[in-house]
Amino acid sequence: MNTSQLERFKQRLLEIHAELTGKTPLRIEPNRTDEGRVGGDEDEQPLNEMMQAIASNRNRNSDVVLGRVLKALGKLREDPDSFGECEECGDEIPLGRLEAMPYVEFCVNCQGQKDAPKGGPTRRKLTDYS
Ligand SMILES: [Zn+2]
């Protein structure tokens with residue numbers, strides 16, 4: 001990977017970092033434990049709780065992504081040669097995949113193995129038999 005490509009990924013990572021760290025935070029209303037303030041409309045509460053659950057779930061995913069973004073930025077700074085290599089097998093991650101997710105850590109193969117369910121054979125994917 002050449003310097004201008006690395007620079008482009010760095011910019012992209014910084015953009016993602018900015019998005020995740022404050023420019024557009026997903027709002028969770030503070031003090032939701034104060035149930036007296038939820039209000040008298042009984043229909044409203046389940047929806048609020050659902051929205052809050054969705055929001056906090058998204059934020060949790062954001063934390064994971066943020067960690068990867070920081071890691072990728074650190075890699076760009078300290079060992080740019082290794083940027084874009086799969087952390088599992090060391091293969092180069094295809095550029096298209098990196099462009100979609102500059103913070104990605106693994107190639108498609110290794111990611112697939114990590115995402116694969118650990119359960120019994122009942123949860124195998126069809127492709128396992130091909
Ligand atoms: Zn790999």
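Excluded from the calculations below are hydrogen atoms, water molecules and symmetry mates; all remaining heavy atoms, backbone and side chain alike, are included. Order of appearance sets the numbers: ligands from 1, and atoms from 1 within every ligand.
When side chains are defined from C-beta on, T3 does not count as touching E7, because their heavy atoms never get closer than 4.5 Å.
Counting only protein atoms, the N, O or S atoms lying less than 2.8 Å from the Zn ion (ligand 1) are C86 SG, C89 SG, C107 SG, C110 SG, ordered by chain and residue number.
Judged as a side-chain hydrogen bond (donor to acceptor under 3.5 Å, both in side chains), and not counting sequence neighbours, K10 has no contacts. Partners of E92 by side-chain hydrogen bond (donor to acceptor under 3.5 Å, both in side chains), not counting sequence neighbours: none found. The side-chain hydrogen bond (donor to acceptor under 3.5 Å, both in side chains) check on D79 picks up S82, with sequence neighbours excluded.
Between the Q11 side chain and the R8 main chain, no donor and acceptor come within less than 3.5 Å of each other. In this structure a side-chain-to-backbone donor-acceptor pair under 3.5 Å is present from R97 to F106.
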